[in-house]
Amino acid sequence: MSITSILIATAVVGGTGLIIGILLGIAGEKFAVEVDEKEIAVRECLPGNNCGGCGFPGCDGLAAAIAKGEAAVNACPVGGEACASAIANVMGVDAGDSVRMTAYVKCAGTCEKAKDLYEYVGPADCKLAMNNPGAGPKGCNYGCMGFGTCKNVCPFDAIEIVDGIAVVDPDKCKACGKCVAECPKHLIELLPADATCHVKCNSKDKGIEVKKVCQTGCIGCGLCARNCPSDAIKVENNLAIIDQDKCTHCGVCKEKCPVKIIL
């Protein structure tokens, strides 16, 4: 191969590369996506857990929504007050009141207090156990089965299975809501972390049926509601429900409850 052929080939390759580079540069300018500087700043304030507890697809999705004014600056349940304050500074708005929430398991049916109808030998997964007779082995159809599906999805290691039921560590819980969405019995809810009165039961059965399968379930007697001085309790579907906005934490309901299910 002659020197001339080599030079021509080199020129062709170099020229082609130059043309492609120019075209790519033009395309990059023409189709460039504008980036909202506020969105970037908000994203830097978020914790980066991508848990989805805010209702958006990860922290990137929430940052975009906040920057567009489609989500509140305190929408991140994991970051808490400090995160909300930082984002509020970026957006130039007031952070507003931020109430720390925590997950709460509405069941006190431990191994000693609640009956199982049969021995379950399948995979340790609450959703799979629901496919078995009676929607799982537990005598109470509303009770925690303790197979740890909620524990397995918790990104903060805030849930443990203790004596057959799920228990949330409020100090570790970030209220992301994953356990709430995952529980097939709908036993878990988010409550203010400073709430001191909880009904630790989710059964909608009548009292006589509750007593057959659990020593400590709510029997729907209504004593708590009748004695509450702030009218914060009502009984619906045989289950006492506490309105945390009305509750003054006086403790009267706990004292009056005959089965001691209000904690």
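Given the structure is predicted, the values throughout are model-derived calculations rather than measurements.
Minimum heavy-atom separation, Ala63 to Glu39: CB-O, 3.8 Å. For the residue pair Lys254 and Lys260, the shortest heavy atom distance occurs at O-NZ, 3.8 Å. The nearest pair of heavy atoms linking Cys107 to Gly109 is SG-N, 3.3 Å. Residues Asp157 and Glu160 share a closest heavy-atom pair of OD1-OE2, 3.8 Å. Closest non-hydrogen pair, Ala108 versus Thr216, comes out as O-CG2, 3.6 Å. Scanning all heavy atoms of the two residues, the minimum distance from Cys59 to Leu46 falls at O-CD1, 3.3 Å.
Taking NZ of Lys256 as the reference point, atom CG of Asn227 lies at 5.0 Å (rounded to 0.5 Å). In this structure, NZ on Lys185 lies 12.5 Å from SG on Cys150, to the nearest 0.5 angstrom. Atom CG of residue Asp116 and atom SG of residue Cys140 lie 11.0 Å apart, to the nearest 0.5 angstrom. For the atom pair Thr149 OG1 and Lys178 NZ, the distance stands at 14.0 Å (nearest 0.5 Å). One finds the CG atom of Leu191 at 8.0 Å from the NZ atom of Lys106 (value rounded to the nearest 0.5 Å). The distance from the CG atom of Leu62 to the SG atom of Cys76 is 6.5 Å, given to the nearest 0.5 Å.
When the salt bridge (Lys or Arg N to Asp or Glu O under 4.0 Å) test is applied to Glu112, no partner is found at least two apart in sequence or on another chain. The side-chain hydrogen bond (donor to acceptor under 3.5 Å, both in side chains) search around His186 returns none, not counting sequence neighbours. For Asp243, the side chain to side chain contact (heavy atoms under 4.5 Å, CB included) test picks out Asp245, Lys246, with sequence neighbours left out. In this structure Glu189 satisfies the side-chain hydrogen bond (donor to acceptor under 3.5 Å, both in side chains) test with no other residue, sequence neighbours excluded. Contacts of Thr248 classified as side-chain hydrogen bond (donor to acceptor under 3.5 Å, both in side chains), with partners at least two apart in sequence or in another chain: none. With sequence neighbours left out, Phe147 forms a ring-ring contact (aromatic ring centres under 6.0 Å, His included) with Tyr120. Checked against ring-ring contact (aromatic ring centres under 6.0 Å, His included), Tyr104 has the following partners two or more places apart in sequence or in another chain: His198.
Side-chain contact between Cys83 and Pro47 is present, with at least one heavy-atom pair separated by less than 4.5 Å. Looking only at side-chain heavy atoms (C-beta outward), Leu223 and Pro258 come within less than 4.5 Å of each other. Within the 4.5 Å cutoff, the side chain of Ser230 has no heavy atoms near those of the Cys250 side chain. The shortest side-chain heavy-atom distance between Cys247 and Cys197 falls under the 4.5 Å cut-off. In this structure, the side chains of Leu117 and Pro137 stay at 4.5 Å or more apart for every pair of heavy atoms. Under the 4.5 Å side-chain criterion, counting only non-hydrogen atoms from C-beta, Tyr118 is in contact with Pro133. Looking at heavy atoms from C-beta onward, Met101 lies in side-chain contact with Pro192 at the 4.5 angstrom threshold. Put simply, the side chain of Pro184 reaches to within 4.5 Å of the side chain of Cys126, judged on heavy atoms.
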With side-chain contact (heavy atoms from CB on, under 4.5 Å) as the test, would you mind laying out the steps for Met145 and Met130 before giving the verdict?
CA-CA 9 Å; Met145 292 183 286; Met130 286 276 289; 3.9 Å; yes
Show your working on salt bridge (Lys or Arg N to Asp or Glu O under 4.0 Å) between Glu209 and Lys206 and close with a plain yes or no.
CA-CA 5 Å; Glu209 298 300 325; Lys206 293 183 178 180; over 6 Å; no
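The 12-atom threshold is not exceeded at CD of Glu81, counting heavy atoms of other residues, nucleotides or ligands nearer than 6.0 Å. More than 12 heavy atoms of other residues, nucleotides or ligands lie within 6.0 Å of NZ in Lys200, so this atom counts as buried by the packing criterion.
Applying the under-4.5 Å side-chain rule to Ile, Leu, Val, Met, Phe, Trp and Tyr, the cluster around Val252 consists of that residue alone. Other residues sharing the hydrophobic cluster of Phe156, ordered by chain and number and joined by side-chain separations under 4.5 Å: Val78. Other cluster members for Ile233: Val199, Ile219, Leu239, Ile242, Val259, Ile261, Ile262, joined by side-chain heavy-atom distances under 4.5 Å among Ile, Leu, Val, Met, Phe, Trp and Tyr.
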Distance-only donor-acceptor pairs under 3.5 Å for side chains of residues 161-175, two or more places apart:
unit_1, atom_1, unit_2, atom_2, d
Asp169, OD1, Asp171, N, 3.0

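Remark: the backbone N or O of Ala135 is not paired with any side-chain donor or acceptor of Asn132 at under 3.5 angstrom.
A salt bridge links Lys234 to Glu236: one of the charged nitrogens lies within less than 4.0 Å of a carboxylate oxygen.
Hydrophobic cluster membership is shared by Val90 and Val93, with clusters built from Ile, Leu, Val, Met, Phe, Trp and Tyr side chains linked at under 4.5 angstrom. Placement of Val213 and Leu187 in two distinct hydrophobic clusters is found when ILVMFWY residues are connected by side-chain heavy-atom separations under 4.5 Å, directly or transitively.
Applying the salt bridge (Lys or Arg N to Asp or Glu O under 4.0 Å) test to residues at least two apart or on different chains, the pairs with a partner in residues 40-61 are Arg43-Asp60.
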